[in-house]
Participant: 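First the structure, which I've put down as structure tokens, then a few questions once you've had a look.
We count residues from 1, following the sequence as given. Just follow the structure's listing: the first ligand is 1, and inside any ligand the first atom is 1. Reckoned from all heavy atoms, side chains included, excluding hydrogens, waters and symmetry mates.
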Amino acid sequence: MSFQRPPRHFLAIPDFSVGELRTLFDLAERMRTGAYTSKCLVGKALAMIFMKASTRTRVSFEVGAWQLGGHALFLSPRDVQLGRGEPIADTARVLSRYVDGIMIRTFAHSDVEVLASHSTVPVINGLTDLLHPCQVLADLLTVQQQLGTYDGKIIAWVGDGNNMANSWINAAFRLGFRLKLACPEGYDPDPAVLARAKSHADVTVVRDPLEAVEGAHVVSTDVWASMGQEDEQAVRARAFAGFRVDESLMRRAEPDAIFLHCLPAHRGEEVTAGVIDGPWSRVWDEAENRLHIQKAIMAVLMGGEPFA
Ligand code: CP
Ligand code: NVA
């Protein structure tokens with residue numbers, strides 16, 4: 001395997017070109033409708049390393065690999081030597097001898113970069129503290145299904161400048177749509193991710209959620225304390241007061257605006273039950289789209305499906 005050309009990884013949305021992203025959305029849509037029937041992962045295995053909890057990512061990758069004819073292995077820190085301090089580079093070298101792709105969810109984004117640089121098989125980012133690219137591709141697929149296109153749409157982000165916000169910024173950087181983020185002071189997105197996007201797209205960070213959602217076609221939010229930030233819950237609850245997505249905020253968006261949330265959600269904190277369970281919400285389609293878009297990603301990175 002080490003004599004083959006370097007594998008394509010998916011660590012961040014800009015790893016794919018605009019054309020490649022369009023191919024992925026088309027493929028995902030064909031998978032969703034049942035038009036795609038190839039078992040492109042027959043005889044292939046995906047290792048799934050989870051250093052953090054997961055419902056959607058774990059189940060959608062595992063079921064997705066199986067639906068394409070492949071096999072997925074769930075590896076938690078309690079089960080693998082990585083959890084007892086085996087270097088991530090060694091883990092990458094060893095897993096590359098057994099499997100055809102590695103999905104990883106962990107804390108430091110640099111760990112995923114180290115894993116990828118020592119892996120001879122494709123590595124897929126299933127969430128880090130910095131980014132959650134599979135989720136935002138599923139979100140874009142949802143926008144395309146619900147609104148026809150993401151081109152020319154205004155996307156509003158309300159809340160923490162976290163891994164989801166950073167991935168939305170990366171998506172705006174690559175695809176060029178308008179993105180307005182409302183974050184409390186001290187909870188801005190990653191400065192490097194933001195600076196790069198600003199040179200290519202209309203991405204703004206404001207302090208007022210009303211300003212962000214005005215004219216928006218999509219309103220999205222996420223938990224106030226992400227995985228690994230549980231100790232900050234009380235401090236964050238105070239900082240994010242006023243950043244809850246409620247019915248009156250949604251009414252300031254475009255009349256046909258949709259609401260997205262990557263889930264898990266805390267009703268009564270970052271979003272009201274009236275919004276997430278109401279007519280604006282597309283969160284269940286959004287969750288389903290994780291399956292379709294990740295199958296498309298696995299098909300091109302691991303299954304030989306052409307990008308064009
Ligand atoms: N949205 C998302 O990634 O969910 P899980 O944490 O359940 O995987
Ligand atoms: N920002 C959240 C997303 C969970 C899917 C977290 O990192 O916990």
Participant: Considering both backbone and side-chain atoms of R105, is one of its nitrogen or oxygen atoms within less than 3.5 Å of a nitrogen or oxygen in ligand 2?
Facilitator: no

Participant: Less than 3.5 Å apart, any donor N or O on the side chain of Q233 or E269 sitting next to an acceptor on the other?
Facilitator: yes

Participant: Please indicate whether any nitrogen or oxygen in H132 is less than 3.5 Å from any nitrogen or oxygen in ligand 2.
Facilitator: no

Participant: Judged by atom type as modelled, is there a donor-acceptor pair below 3.5 Å linking the side chain of D100 to the main-chain atoms of A45?
Facilitator: yes

Participant: Tell me, do H109 and D129 make a side-chain contact under 4.5 Å, heavy atoms counted?
Facilitator: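 With C-beta onward as the side chain, the pair stays apart.
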
Participant: Would Y187 and F243 count as a close aromatic pair, with their ring centres under 6.0 Å?
Facilitator: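 Aromatic pair excluded; centres sit 6.0 Å or further apart.
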
Participant: Run the numbers for me: atoms of ligand 2, each under 4.0 Å from some heavy atom of N162, listed by number.
Facilitator: 1 (N)

Participant: Provide, to 0.1 Å, the distance between atom 3 (C) of ligand 2 and the closest protein heavy atom, together with that atom's residue and name.
Facilitator: D222 OD2, 3.6 Å

Participant: Could you name each residue pair satisfying salt bridge (charged side-chain N to carboxylate O under 4.0 Å, His left out) that touches residues 177-194, not counting sequence neighbours?
Facilitator: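 For residues 177-194: R178-D202, D188-R207.
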
Participant: Just jot down the ligand 2 atoms closer than 4.0 angstrom to any heavy atom of L127, in number order.
Facilitator: 3 (C), 4 (C), 5 (C), 7 (O)

Participant: At a 4.0 angstrom heavy-atom cut-off, what protein residues surround ligand 1?
Facilitator: S54, T55, R56, T57, R105, H132, Q135, C262, L263, R290

Participant: Scan for ring-ring contact (aromatic ring centres under 6.0 Å, His included) pairs involving residues 48-90, sequence neighbours excluded, and state none if there are none.
Facilitator: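 Of all non-adjacent pairs touching residues 48-90, those that pass ring-ring contact (aromatic ring centres under 6.0 Å, His included) are F50-F74.
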
Participant: L263 and side chain to side chain contact (heavy atoms under 4.5 Å, CB included): which partner among V223, D222, I276?
Facilitator: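 The residue from V223, D222, I276 that satisfies side chain to side chain contact (heavy atoms under 4.5 Å, CB included) with L263 turns out to be I276.
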
Participant: State plainly whether the residues D151 and R22 are in salt-bridge range, i.e. N to O under 4.0 Å.
Facilitator: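 Here D151 pairs with R22 in a salt bridge, since their nearest N and O are under 4.0 Å apart.
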
Participant: Please, which pairs that meet salt bridge (charged side-chain N to carboxylate O under 4.0 Å, His left out) have at least one residue in residues 165-175, sequence neighbours excluded?
Facilitator: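 Non-adjacent pairs meeting salt bridge (charged side-chain N to carboxylate O under 4.0 Å, His left out): zero.
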
Participant: Can you sort out which atoms of ligand 2 are near N163, meaning under 4.0 Å from one of its heavy atoms?
Facilitator: 1 (N), 2 (C), 6 (C), 7 (O)

Participant: May I ask you to say whether D285 pairs ionically with R282, meaning some side-chain N is under 4.0 Å from a carboxylate O?
Facilitator: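 No, D285 and R282 are not salt-bridged.
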
Participant: Looking only at protein heavy atoms, identify the closest one to atom 5 (C) of ligand 2 and say how far it is in Å.
Facilitator: L263 O, 3.6 Å

Participant: If we only count N/O pairs under 3.5 Å, is K52 in contact with ligand 2?
Facilitator: no

Participant: Counting heavy atoms only, which of Q229, H261, M227 is nearest atom 8 (O) of ligand 2?
Facilitator: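 The nearest heavy atom belongs to M227.
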
